[in-house]
J.: 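Could you have a look at this structure, given as structure tokens, before my questions?
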Amino acid sequence: MISISNMSIQTIEALSLKTLPSMRHTRADLSKRVTHLIRRRACDAEPLDTLYKIACDEHLNGSSETVIGQASVICFSEAPESEFTKERQHFSPFGISIDKSWFFAAGGRPVIYQPKEEHQYVDPTLHWKLVSFDPCKPPEEGWIDWSWQREWRIQATRFYLPPEQTIFVVPSEEDKENLLTRYQADEDGRALYEELVLCLCPNPPRDFPYPIKVLPSR
């Protein structure tokens with residue numbers, strides 16, 4: 001066995017270049033994509049309605065809720081798709097999946113999980129990446145562990161979703177058909193309104209702008 005302490009930095013980097021690509025293909029807990037999952041909240045619209053609005057807008061809106069500081073961010077998870085249907089309390093199995101390498105190049109980063117007491121040691125310009133994490137305390141003293149979310153964030157008030165990098169994720173063929181049918185009906189209505197009411201030469205109805213993937217059933 002080779003001792004890491006006796007290896008040069010160049011050797012370690014060379015081994016990493018050989019090992020990491022193969023690990024991405026063989027480990028089930030690693031994903032090439034990050035996914036923005038639609039939250040479950042009683043006051044919100046149905047997840048499918050939210051997903052449809054995102055498709056029409058072609059962007060995601062940022063939020064500073066739960067973020068340290070005032071920065072607006074958009075959150076994703078690098079958890080593999082096989083896990084999407086298991087956690088139903090906080091998230092629905094509806095989402096938007098983006099290539100992780102492209103997202104990183106656009107400014108997306110994995111969050112930093114660490115105790116609240118250590119936030120003061122981090123540059124304030126990076127506070128948008130911090131997530132409190134302290135699994136050693138008992139619940140009554142501040143136990144907190146959100147690491148299961150495998151969260152990534154990008155600092156933005158609005159994040160455009162390019163069709164060539166984006167896949168919409170739904171839990172069933174029925175949900176996929178609902179998205180496609182609703183979008184087509186709205187596009188047909190728009191074209192008819194432009195022609196009959198506005199007396200314009202309408203743009204032809206568009207197809208749904210994103211590919212849709214149906215999650216495998218459990």
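In what follows, residues are counted from 1 in the order of the sequence shown.
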J.: Keeping Tyr160 on the side-chain end and Leu60 on the backbone end, is there a donor-acceptor pair under 3.5 Å?
T.: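 Here the side-chain-to-backbone pair does not exist.
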
J.: For Asp134 and Tyr113, test the side chains for any donor-to-acceptor distance below 3.5 angstrom and give the result as yes or no.
T.: no

J.: Quick one: does any side-chain atom of Ser77 pair with a main-chain N or O of Gln149 as donor and acceptor, under 3.5 Å?
T.: yes

J.: Quick check on the hydrophobic clustering: are Ile212 and Ile54 connected, directly or via other members, by side-chain heavy-atom contacts under 4.5 Å?
T.: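 Ile212 clusters together with Ile54.
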
J.: Could you tell me whether Asp49 and Arg182 make a salt bridge, using a distance below 4.0 angstrom between a side-chain N and a carboxylate O?
T.: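 Looking at Arg182 together with Asp49, the answer is yes, because their closest N to O distance falls below 4.0 Å.
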
J.: With the threshold set at 4.0 Å, does a side-chain nitrogen-carboxylate oxygen contact exist between Lys137 and Glu117?
T.: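 Between Glu117 and Lys137 there is a salt bridge, with a charged N closer than 4.0 Å to a carboxylate O.
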
J.: Between Ser92 and Ile38 (side chain of the first, backbone of the second, donor and acceptor by atom type, cut-off under 3.5 Å), is there such a pair?
T.: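 Confirmed, Ser92 side chain pairs with Ile38 backbone.
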
J.: What are the two closest heavy atoms between Pro135 and Asp145, and how far apart are they?
T.: CB-OD2, 4.3 Å

J.: Look only at the side chain of Ser63 and the backbone of Glu65, and say whether a donor-acceptor pair between them is shorter than 3.5 Å.
T.: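 The answer is yes, because a donor-acceptor pair under 3.5 Å joins these two groups.
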
J.: Keeping His36 on the side-chain end and Ile96 on the backbone end, is there a donor-acceptor pair under 3.5 Å?
T.: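 No; zero donor-acceptor contacts below 3.5 Å.
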
J.: Would the distance check show the side chain of Ser132 and the main-chain N or O of Pro115 forming a donor-acceptor pair, the cut-off being under 3.5 Å?
T.: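 Side chain of Ser132 to backbone of Pro115: no pair is present.
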
J.: Please determine whether side chain to side chain contact (heavy atoms under 4.5 Å, CB included) holds for the pair Gln114 and Phe133, giving the CA-CA distance in whole Å, both sets of side-chain angles, and the decisive distance to 0.1 Å.
T.: CA-CA 5 Å; Gln114 65 181 38; Phe133 174 69; 5.5 Å; no

J.: Okay, side chain of Lys100, backbone of Glu78: is any donor-acceptor separation there less than 3.5 Å?
T.: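 Not confirmed, Lys100 side chain does not pair with Glu78 backbone.
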
J.: Quick one: does Ser172's side chain have a donor or acceptor within less than 3.5 Å of a partner on Asp175's backbone?
T.: yes

J.: Are Arg190 and Asp186 within salt-bridge range, i.e. N to O under 4.0 Å?
T.: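 The answer is no: the pair does not qualify as a salt bridge.
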
J.: Kindly say whether the aromatic ring centers of Phe208 and Phe168 come within a distance under 6.0 Å.
T.: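 Yes.
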
J.: Specify the closest pair of heavy atoms between Pro171 and Pro93, including all atoms of both residues, with the distance to one decimal.
T.: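 For Pro171 versus Pro93, the nearest heavy atoms are CD-O, 3.6 Å.
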
J.: If we only count heavy atoms from C-beta on, is the Phe103 to Ile154 side-chain gap below 4.5 Å?
T.: yes

J.: Centre-to-centre under 6.0 Å for His59 and Phe159, is that the case here?
T.: no

J.: Quick one: does any side-chain atom of Glu187 pair with a main-chain N or O of Arg206 as donor and acceptor, under 3.5 Å?
T.: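 Yes, Glu187 side chain to Arg206 backbone: donor-acceptor pair under 3.5 Å.
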
J.: Would you say the side chains of Arg33 and Ser97 form a donor-acceptor pair under 3.5 Å?
T.: yes

J.: Are side-chain heavy atoms of Cys136 and Trp143 found at a separation under 4.5 Å?
T.: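 Counting from C-beta outward, Cys136 and Trp143 never come under 4.5 Å.
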
J.: Does Arg153 use its side chain to pair, donor to acceptor, with the backbone of Trp128 at less than 3.5 Å?
T.: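 Checked: pair present.
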
J.: Closest heavy-atom contact between Cys75 and Val73?
T.: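 So the two residues come closest at SG-CG2, 4.1 Å.
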
